[in-house]
Each structure stands twice: as structure tokens, then as C-alpha cells.
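Side chains are part of it too, since the values below use all heavy atoms of this structure and drop only hydrogens, waters and symmetry mates.
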Amino acid sequence: MSTGSMSTGRPPRLSWLTRLRRDRSLLLMTVPAVVLLLVFNYAPLFGLVTAFQEYDPLIGVWHSGWVGLEQFGQLLGDPLFWESTVNTLYLSFVQLVLFFPIPIALALLLNSVLSERLRNFVQSVVYLPHFFSWVLAITIFQQMLGGAGVLNQFLRGHDIGTWDVMTNPHTFALLVTSQAIWKEAGWSIIVFLAALAAINTDLYEAAAADGAGRWRRMWHITLPGLRGVVVLMLVLRLGNALSVGFEQFLVQRDAVGHDAADVLDTFSFYYGIATGNYSYGAAAGLFKSIISLLLIWGANKLAHAFGEDGLYRK
């Protein structure tokens with residue numbers, strides 16, 4: 001028998017044409033998603049050229065004057081831009097500290113509930129606010145904590161005084177963080193619940209047989225099993241540190257003032273699009289995107305330094 005005909009124990013390699021025929025139906029299913037990605041995520045990148053122009057929508061991109069880095073020079077010399085940047089970083093830090101641990105804790109609590117019916121009910125309740133618009137979510141907070149809200153009506157009825165929450169710029173960071181927790185924490189637990197479901201249950205049985213209690217099992221099995229996902233979500237969170245939100249701050253800006261509520265997204269809108277200075281807004285948006293890319297790159301490098309995969313394997 002010739003060497004070439006001997007079995008090597010490996011499956012034969014398929015040509016790209018054979019694989020295309022075999023996976024044709026699967027590839028066709030991805031076509032709508034790829035088209036949407038190209039149309040809504042990659043095609044708009046062409047508009048970044050306006051950041052280097054004196055863009056005039058009446059004559060279009062092709063005929064607008066080229067000014068190079070002039071918009072960025074004006075941007076870096078604008079005190080309102082730096083005020084918005086500081087606000088963005090501060091709000092992002094507050095939300096990272098107060099918001100990020102909440103979905104992890106909720107996932108651990110739900111995972112400990114033995115009754116499947118109760119677990120499904122709680123999941124449905126905490127998922128629901130995610131589907132509310134920010135306008136509706138803020139309206140609910142206004143009805144509860146506003147000047148004529150339930151809380152202040154109760155305080156007035158007992159001659160205690162009122163508590164200024166919705167219009168106080170000094171506590172605005174805590175307000176928007178609590179709104180984000182109420183609206184998004186339940187939805188954010190999905191990925192952590194999936195990670196918990198992937199942990200081998202034999203490990204829990206073996207640990208219980210060795211006398212490990214619930215807390216020791218959580219510390220030595222559950223938390224290490226979640227570590228990779230936690231690091232991944234932390235990397236993504238740091239990459240989006242400059243994107244703390246737009247609608248949430250836009251709706252509440254007039255109530256607390258621009259000093260407290262202006263972030264980079266609202267700065268691009270109010271001092272770019274709203275004033276007709278589209279190039280200035282595009283420059284602010286491009287600056288934010290570049291810094292976000294550097295943040296996610298640095299966070300990913302840090303994850304690799306601690307032995308985790310991050311967004312991709314090293």
C-alpha cells in the first residue's frame with residue numbers, strides 16, 4: 001500500500017468552493033446582517049471627512065473647502081469642550097464604580113434562586129425597563145422624585161420639607177447613575193447568566209462533597225468562572241467610557257444646566273449640529289472615537305497582562 005493512500009487520522013481538507021457549497025445556506029443567512037453593518041456602520045465613516053472641511057450641506061462634501069486640522073485646533077482651544085470632556089470622564093467613572101458591579105450581583109442572586117418559575121418572573125421584571133425610552137424612564141423618575149413627585153408630596157404632607165433631586169446639579173451624577181441602573185442593570189445580567197450556565201456543575205457537586213459551603217463554592221468556583229466575562233465586559237466598558245449617553249442628558253440638560261449635563265455627545269449636538277457648524281461637531285465626534293479606541297486598546301493590553309483574553313487572544 002502506498003504512503004499517500006494510508007489514513008493519517010485527519011479529515012480531508014475541503015477546498016473553499018466545496019465549503020461554499022456546503023455552507024451556502026448559512027452564508028446566505030448572514031447577508032442581511034452584513035448589508036446592515038456596511039450600510040449603517042461603515043458607509044457613514046465617509047462623513048468623517050467633513051471634520052477636515054468647512055462643510056456646507058448646500059454644496060456637499062465634494063465642493064466644501066478643505067481646512068485640514070483647523071477644526072481640531074479650535075476644538076482644543078474651546079473651554080466648553082474641555083468642560084464637557086471632564087464631565088464625561090467623571091460621569092463615566094461614577095457609573096463604572098456604581099453601575100458595573102450591579103449586574104454581576106443580580107446574576108449571582110438569580111443564579112442562587114432554586115425555583116425556576118420565580119427566577120423567570122424576576123428576570124422578566126428586571127428586563128422590562130430596558131425597553132422603555134429614556135424619555136419615559138426620566139418621566140417616571142420625575143413623577144417619583146420631582147418637585148411635585150410622590151416623594152416631595154409625602155415630605156410636604158409631614159412638614160419635613162422638600163428634597164431637590166431632579167434639578168440639583170451637584171447630585172446629577174448620582175441621579176443619572178441611578179437611572180441607568182434602574183433601566184439597564186437587568187438587561188446587562190444576560191451575559192453573566194450565560195457565563196454562569198457554562199460553569200460545569202460537577203465542580204459544585206465535588207466541592208459540596210468535600211464540605212464546601214455556599215460562600216466557598218461561590219468564591220472558588222463561581223467567581224473564577226465569571227472572571228473572563230467580567231474582564232471582557234470591563235474592557236468594553238472602558239472602551240465606551242466617553243459614550244455615557246445622549247438622550248438621557250439631552251432631556252435633563254435644561255433642568256440642571258449645561259455645566260453639569262454637557263458631555264461630549266451633547267457638545268457635538270449643541271455646538272455643532274444645532275448651530276449649523278457640522279464640521280466642528282464632526283471633529284468633536286472623531287476626537288471622541290480616537291480616544292475611545294485608545295482606551296479599549298489599553299484596557300485590552302491590561303487584560304492580557306493579567307492573563308485574560310480580553311477582546312481577543314494574545
Q: Please check if any side-chain donor atom of Q71 sits under 3.5 Å from a side-chain acceptor atom of Q53, or the reverse.
A: no

Rounded distance [0.5 Å steps], [atom1] in [X] versus [atom2] in [Y]:
X    : Y    : atom1 : atom2 : value
L145 : Q179 : CG    : CD    : 8.5 Å
L223 : I104 : CG    : CD1   : 9.0 Å
R217 : S112 : CZ    : OG    : 11.0 Å
N300 : L234 : CG    : CG    : 11.0 Å
I291 : I296 : CD1   : CD1   : 13.5 Å
L118 : L110 : CG    : CG    : 8.5 Å

_Under the criterion side-chain contact (heavy atoms from CB on, under 4.5 Å), I'd like the reasoning laid out for L69 against F72: C-alpha separation, chi angles, the key distance, then a yes or no._
CA-CA 5 Å; L69 299 177; F72 293 92; 4.0 Å; yes

Those residues at least two apart in sequence (or on a different chain) that pass side-chain contact (heavy atoms from CB on, under 4.5 Å) with F46 are V61, W62

Query raised in the report: With P32, which residues qualify under side-chain contact (heavy atoms from CB on, under 4.5 Å), at least two apart?
Result: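 Not a single residue meets the side-chain contact (heavy atoms from CB on, under 4.5 Å) criterion with P32.
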
Partners passing side-chain hydrogen bond (donor to acceptor under 3.5 Å, both in side chains) against [X] (at least two apart in sequence or in another chain):
X    : answer
Q123 : Y127
K288 : S243, D265
D164 : T167
Y204 : T222

Legend entry - Pairs involving residues 224-250, ordered by first then second residue, that meet ring pair (Phe, Tyr, Trp, His ring centres under 6.0 Å) (sequence neighbours left out):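 As it turns out, the ring pair (Phe, Tyr, Trp, His ring centres under 6.0 Å) pairs with a partner in residues 224-250, which skip direct neighbours, are F172-F249, F246-F269.
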
Quick note, ring pair (Phe, Tyr, Trp, His ring centres under 6.0 Å) partners involving residues 93-112, not counting sequence neighbours, are none

Determine, step by step, whether V67 and F52 satisfy the side-chain contact (heavy atoms from CB on, under 4.5 Å) criterion, reporting the C-alpha distance in whole Å, the side-chain angles of both residues, the deciding distance to 0.1 Å, and the verdict. CA-CA 6 Å; V67 297; F52 305 94; 5.7 Å; no

Can you confirm whether or not the ring centre of F81 sits under 6.0 Å from the ring centre of F267? yes

Are [Y] and [X] connected in a single hydrophobic cluster, I mean Ile/Leu/Val/Met/Phe/Trp/Tyr linked by side-chain heavy atoms less than 4.5 Å apart?
X    : Y    : answer
L302 : L294 : no
I199 : L108 : yes
L238 : L293 : yes
V94  : V97  : yes
F287 : V86  : no

Would you say [X] and [Y] make side-chain contact, with heavy atoms under 4.5 Å?
X    : Y    : value
S64  : I59  : yes
M144 : L151 : no
V263 : T266 : yes
V256 : L175 : no
Y42  : L37  : yes
N240 : L295 : no
F192 : N111 : no
L48  : L45  : yes

Non-hydrogen atoms of [X] and [Y] that approach each other most closely:
X    : Y    : value
A180 : Q248 : N-NE2, 4.3 Å
Y270 : T275 : O-CG2, 3.2 Å
S268 : A284 : OG-CB, 3.4 Å
K183 : A137 : CD-CB, 4.2 Å
A282 : T50  : CB-OG1, 3.4 Å
P44  : V39  : CD-O, 3.2 Å

Next item on the list: Evaluate whether atom CZ of F132 has more than 12 neighbouring non-hydrogen atoms of other residues, nucleotides or ligands under 6.0 angstrom away.
Entry: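 Yes, CZ of F132 has more than 12 neighbouring heavy atoms, counting only those of other groups under 6.0 Å.
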
Is W66 atom CH2 crowded by more than 12 heavy atoms from other residues, nucleotides or ligands, each under 6.0 Å away?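 Enclosed.
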
Restricting to pairs with a member in residues 75-91, which pass side chain to side chain donor-acceptor pair (under 3.5 Å), not counting sequence neighbours?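 Listed once each, the pairs are D78-Y280.
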
| Pairwise side chain to side chain donor-acceptor pair (under 3.5 Å) hits with a residue in residues 129-155, at least two apart |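 Counting only pairs at least two positions apart or across chains, the side chain to side chain donor-acceptor pair (under 3.5 Å) contacts touching residues 129-155 are H130-E184.
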
- Apply the test side-chain contact (heavy atoms from CB on, under 4.5 Å) to residues R227 and V230: give CA-CA distance (whole Å), side-chain angles for both, the deciding distance (0.1 Å), then the verdict. CA-CA 5 Å; R227 186 174 60 187; V230 170; 5.7 Å; no

**Message:** If the condition is salt bridge (Lys or Arg N to Asp or Glu O under 4.0 Å), which residues does R216 pass it with, not counting sequence neighbours?
**Reply:**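 Salt bridge (Lys or Arg N to Asp or Glu O under 4.0 Å) list for R216, sorted by chain: empty.
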
Sequence-distant partners of R253, salt bridge (Lys or Arg N to Asp or Glu O under 4.0 Å), two or more places apart: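 Salt bridge (Lys or Arg N to Asp or Glu O under 4.0 Å) check on R253 returns D262.
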
Problem set entry | Verdict with supporting geometry, W182 and I140, side-chain contact (heavy atoms from CB on, under 4.5 Å) | CA-CA 11 Å; W182 179 80; I140 293 173; 3.7 Å; yes

Of V231, V191, I221, L196, the one forming a side chain to side chain contact (heavy atoms under 4.5 Å, CB included) with L226 is L196

